[in-house]
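Only one structure is covered here, and it is reproduced in the block below.
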Amino acid sequence: MKKTLYVFGLTFAILLSSCSDNWLNQQPGGSTITEEQYQNMDGVLKGSVMGIYALMYQFGDHDVFGQRGIDMYGDITCGDMGLNTQNYGWFYTDELGQSYTRRAYLWSYYYDIIRLTNKCVNALQAQVGKEGLTEVELINAHADEFYYYAEVLAMRGWAYANLQKWFCLTPEQIVRQGYTMADYMSIPVYTEEATEQDTIIGAPLSSAEDVYRRAEEDLKSAIYYFDILEKEGMTRTIKQEMNGDVARLNLAYLYLNKGDYDNAIKYAEEFINTTTHTLLPYAELLTTGFANIASNNWVWGQDVNVETTTALGSFFGQVDIFSYSYAWAGDLKMIDELLYKSIEDKKWDARRYWFNNLYNSCKQCRFAPDGKFYSPAVKQKNNYKNKPLQDDLDKDWLCDNVYMRTELAYLIAAESYCRNLDNANAQKYLLAITDERVLPENSTDYDAWKATLSDNDVLLEEIRYNWRVEMWGEGFGMQTFRRFGKQVTLGSNHSRSNKTPDPNATNTMRQFTFEIPSGEQYYNPYLRSTTEMAVKQN
């Protein structure tokens with residue numbers, strides 16, 4: 001029944017995202033429904049929430065498959081993931097450092113989610129009224145509805161936070177250009193009131209501070225509702241759904257990227273101190289393939305099944321040499337050569353075995369993630385020492401998708417404490433991860449490494465290293481690159497001519513901070529008729 005509802009949800013989401021005035025498409029197709037008809041549909045909240053989640057894996061093409069495709073764009077463009085061949089061409093423009101061509105898709109993807117969440121907010125308020133929405137008695141009296149309400153608020157906050165990561169300069173860059181967060185114009189905020197009035201098209205740009213505030217308020221409100229309802233025993237049914245843990249992690253990460261380290265610590269520690277999710281232990285470091293949502297360190301992810309798989313057009317269809325994939329066929333998505341060598345240089349770091357295991361017998365597999373992202377059904381069956389033959393490959397593409405895991409909270413806390421010059425707590429959270437990444441035979445090297453962490457600059461650099469290695473391929477590379485603001489020297493396994501990407505260089509900044517798409521600038525009357533875009537492009 002759950003699978004059927006999710007299929008319905010995806011269809012429902014596509015219908016709704018194309019049925020009224022769209023920010024990028026003013027010639028929509030399909031049937032239309034009014035807001036009143038929408039709110040009166042049976043099971044509208046359940047169906048809509050499921051539809052929102054379904055957008056996260058909606059297939060568009062073999063390099064357009066929802067959130068995990070976006071994760072790949074960022075990791076490739078910042079250079080942590082390399083692609084040095086173009087037999088098929090997927091993601092090749094991202095490898096060349098031209099990811100700004102993706103901006104229209106990212107814009108419509110996150111704003112479609114925002115539009116649907118706004119409709120859900122309106123539907124909830126139509127059912128229970130607009131007054132007393134924070135009263136515990138009302139919440140408990142409409143527990144199911146308010147749990148969905150918490151989910152959509154969390155999703156809306158997450159969507160705005162992601163738009164800020166892609167379309168807004170970092171706080172440091174804003175200051176460097178002579179602005180404050182309050183006067184730097186960022187992106188439009190579309191409210192549920194505007195969504196309710198179908199005649200309203202477009203919205204003015206809001207300041208970076210106001211957009212962050214919108215995302216913060218949504219995530220905090222979601223946490224408030226989740227806390228009340230989860231204490232009464234309500235829980236999500238699958239890990240693809242939002243809950244209190246996911247909302248807290250997203251809020252902590254938002255604050256980290258915003259530069260509000262005190263609040264980043266607060267919500268990261270709230271998560272750590274209350275969650276039942278644990279860190280990935282050393283014993284499971286090389287056995288899961290990061291392919292199973294049942295892993296206890298997975299906080300948020302997609303359980304891929306025969307009805308939701310997007311086959312070749314998927315993350316594993318792009319990176320896994322043990323699946324029938326583009327990587328197996330020659331377009332290898334690999335760890336940057338110099339980043340891999342930095343893992344080897346550590347000597348103690350077992351994460352070197354996440355990569356490059358087949359190199360001795362398969363030269364074209366060099367730097368492949370053959371120990372991190374792989375189909376366990378194939379790799380562990382025959383203990384391959386070489387690239388498998390075509391008949392042995394996983395052709396079901398049922399490996400699950402990870403969105404967030406416990407390690408994220410520890411890295412957020414470590415970096416935030418370090419930036420607040422609290423080395424003791426920063427080390428505590430960093431070492432909680434690295435203690436589970438040590439090759440037993442090289443523990444002496446690990447002890448020597450730990451002794452270097454008393455220096456704050458060294459510690460911060462080691463935290464940056466752990467962001468790039470621990471979270472490789474999971475969509476955090478671009479924001480690590482932008483947040484630390486450092487030029488990166490890339491190895492030889494890239495096709496791009498620029499081997500030293502710099503997030504602050506004038507000639508490349510637009511590759512790492514997207515401009516608002518031309519469609520939005522054209523169709524949004526507030527952007528056509530004001531000079532706000534001039535501020536945006538300065």
Side-chain angles (χ1 to χ4, degrees), residues 67-81 94 97 99-100 102-103 106-107 109-110 157-176 181 184 186-187 208 211-212 215-216 219 246 248-261 263-265 267-268 299-300 335-336 339 402-405 407-416 418-419 430 433 460-488 490 501-505 508-514:
Q67 188 58 42
R68 292 301 277 138
I70 291 173
D71 292 343
M72 286 186 66
Y73 304 157
D75 285 1
I76 291 173
T77 302
C78 76
D80 284 353
M81 183 182 286
D94 307 292
S99 276
Y100 54 82
R102 303 288 189 183
R103 60 187 180 176
L106 268 71
W107 186 269
Y109 170 80
Y110 289 115
W158 169 79
Y160 275 121
N162 275 280
L163 285 165
Q164 285 289 80
K165 290 187 299 184
W166 288 102
F167 291 93
C168 183
L169 296 178
T170 67
E172 292 79 7
Q173 290 170 333
I174 289 173
V175 171
R176 195 177 300 123
M181 297 278 279
Y184 176 79
S186 177
I187 60 174
V211 180
Y212 275 120
E216 293 163 26
L219 288 164
V246 180
R248 280 187 171 84
L249 260 187
N250 274 296
L251 186 55
Y253 191 53
L254 178 156
Y255 279 126
L256 176 68
N257 288 311
K258 183 184 176 185
D260 185 344
Y261 304 121
N263 273 314
I265 291 167
Y267 287 98
V299 182
W300 194 27
I335 188 172
D336 171 67
L339 180 56
V402 61
Y403 298 143
M404 284 185 162
R405 54 189 176 95
E407 286 76 10
L408 177 62
Y410 286 76
L411 286 170
I412 292 170
E415 182 180 337
S416 299
C418 188
R419 291 188 184 276
L430 176 62
I433 297 174
L460 188 61
E461 183 59 26
E462 293 301 325
I463 291 169
R464 174 172 169 258
Y465 161 85
N466 274 275
W467 272 109
R468 298 179 69 196
V469 173
E470 180 69 26
M471 308 307 290
W472 186 91
E474 297 180 50
F476 297 93
M478 175 66 89
Q479 299 316 315
T480 300
F481 175 67
R482 297 177 73 236
R483 194 170 60 251
F484 280 84
K486 289 188 174 184
Q487 182 185 86
V488 175
L490 303 180
D502 185 341
N504 297 317
T508 59
M509 187 180 294
R510 290 181 180 178
Q511 296 172 8
F512 310 118
T513 303
F514 295 164

Q: Could you walk me through whether Tyr184 and Gln173 pass the side chain to side chain contact (heavy atoms under 4.5 Å, CB included) test, one step at a time?
A: CA-CA 11 Å; Tyr184 176 79; Gln173 290 170 333; over 6 Å; no
Q.
Glu462: which residues meet the salt bridge (charged side-chain N to carboxylate O under 4.0 Å, His left out) condition with it, sequence neighbours left out?
A. Lys346
Q: Could you go through the side chain to side chain contact (heavy atoms under 4.5 Å, CB included) check for Asn466 and Leu430 one step at a time?
A: CA-CA 8 Å; Asn466 274 275; Leu430 176 62; 3.6 Å; yes
Q) So, for Ala414 and Ile463, which heavy atoms are closest and what is the spacing to 0.1 Å? A) O-CD1, 3.5 Å
(Q) Counting C-beta onward and ignoring hydrogens, is there a side-chain heavy-atom pair between Thr480 and Cys78 closer than 4.5 Å? (A) no
Q: Measure across Pro503 and Arg482 and return the closest heavy-atom pair with its distance rounded to 0.1 Å.
A: CB-CA, 4.2 Å
Q.
For the OG1 atom of Thr170 and the CG atom of Asn504, what is their distance to the nearest 0.5 Å?
A. 6.5 Å
Q) Rounded to the nearest 0.5 Å, how far apart are CD of Glu474 and CH2 of Trp472? A) 10.0 Å
Q.
I need the minimum non-hydrogen distance between Ala409 and Leu249, along with the two atoms involved.
A. CB-CD2, 3.5 Å
(Q) Can you confirm whether the side chains of Gln164 and Ser186 place a donor and an acceptor under 3.5 Å from each other? (A) yes
Q: Would you give the length of the straight line joining atom CG of Asn250 to atom CH2 of Trp158, rounded to the nearest 0.5 angstrom?
A: 8.0 Å
Q. Looking only at heavy atoms, what is the nearest atom pair of Cys168 and Ile174, with distance?
A. SG-CD1, 4.0 Å
Q) Hey, what's the ring geometry for Phe476 with Trp467, parallel, tilted or perpendicular (30° and 60° as the breaks)? A) tilted
Q: Can you see which heavy atom on Ala161 is nearest to which on Ala215, and at what distance?
A: N-CB, 4.1 Å
Q) With a 4.5 Å limit on heavy-atom distance, are the side chains of Tyr410 and Glu470 in contact? A) no
Q | Step-by-step side chain to side chain contact (heavy atoms under 4.5 Å, CB included) determination, Trp166 to Ile70 | A | CA-CA 11 Å; Trp166 288 102; Ile70 291 173; 3.8 Å; yes
**Q.** Non-neighbouring partners of Arg248 that pass salt bridge (charged side-chain N to carboxylate O under 4.0 Å, His left out), sequence neighbours left out
**A.** Asp227, Glu270
Q) Taking C-beta and beyond as the side chain, do Met509 and Leu169 meet within less than 4.5 Å on heavy atoms? A) yes
Q.
Nearest 0.5 Å, please: how far is CG in Asp75 from CD in Gln479?
A. 10.0 Å
(Q) Using side chain to side chain contact (heavy atoms under 4.5 Å, CB included), reason through Arg510 and Arg103 one step at a time and then give a plain yes or no. (A) CA-CA 11 Å; Arg510 290 181 180 178; Arg103 60 187 180 176; over 6 Å; no
Q: Report yes if the side chains of Ile412 and Tyr255 come closer than 4.5 Å at any heavy-atom pair, otherwise no.
A: no
(Q) Run the salt bridge (charged side-chain N to carboxylate O under 4.0 Å, His left out) test against Glu461 and tell me which residues pass, sequence neighbours left out. (A) Arg464, Lys486
Q) If you measure from CG on Leu254 to CG on Asp260, what distance do you get to the nearest 0.5 Å? A) 9.0 Å
Q) For the residue pair Arg68 and Gly475, what are the closest heavy atoms and their distance? A) NH1-N, 4.3 Å
Q) Salt bridge check: are Glu415 and Arg419 linked by an N-O gap of less than 4.0 Å? A) yes
(Q) Exactly one of Phe514, Phe512, Tyr160 should register a ring pair (Phe, Tyr, Trp, His ring centres under 6.0 Å) with Phe167. Which one does? (A) Phe514
Q: Look only at the side chain of Thr508 and the backbone of Asp502, and say whether a donor-acceptor pair between them is shorter than 3.5 Å.
A: yes
Q) Side-chain contact, heavy-atom cut-off 4.5 Å: Ser416 with Leu256? A) yes
Q: Output the distance between atom CG (Asp80) and atom CG (Leu339), rounded to the nearest 0.5 Å.
A: 5.5 Å
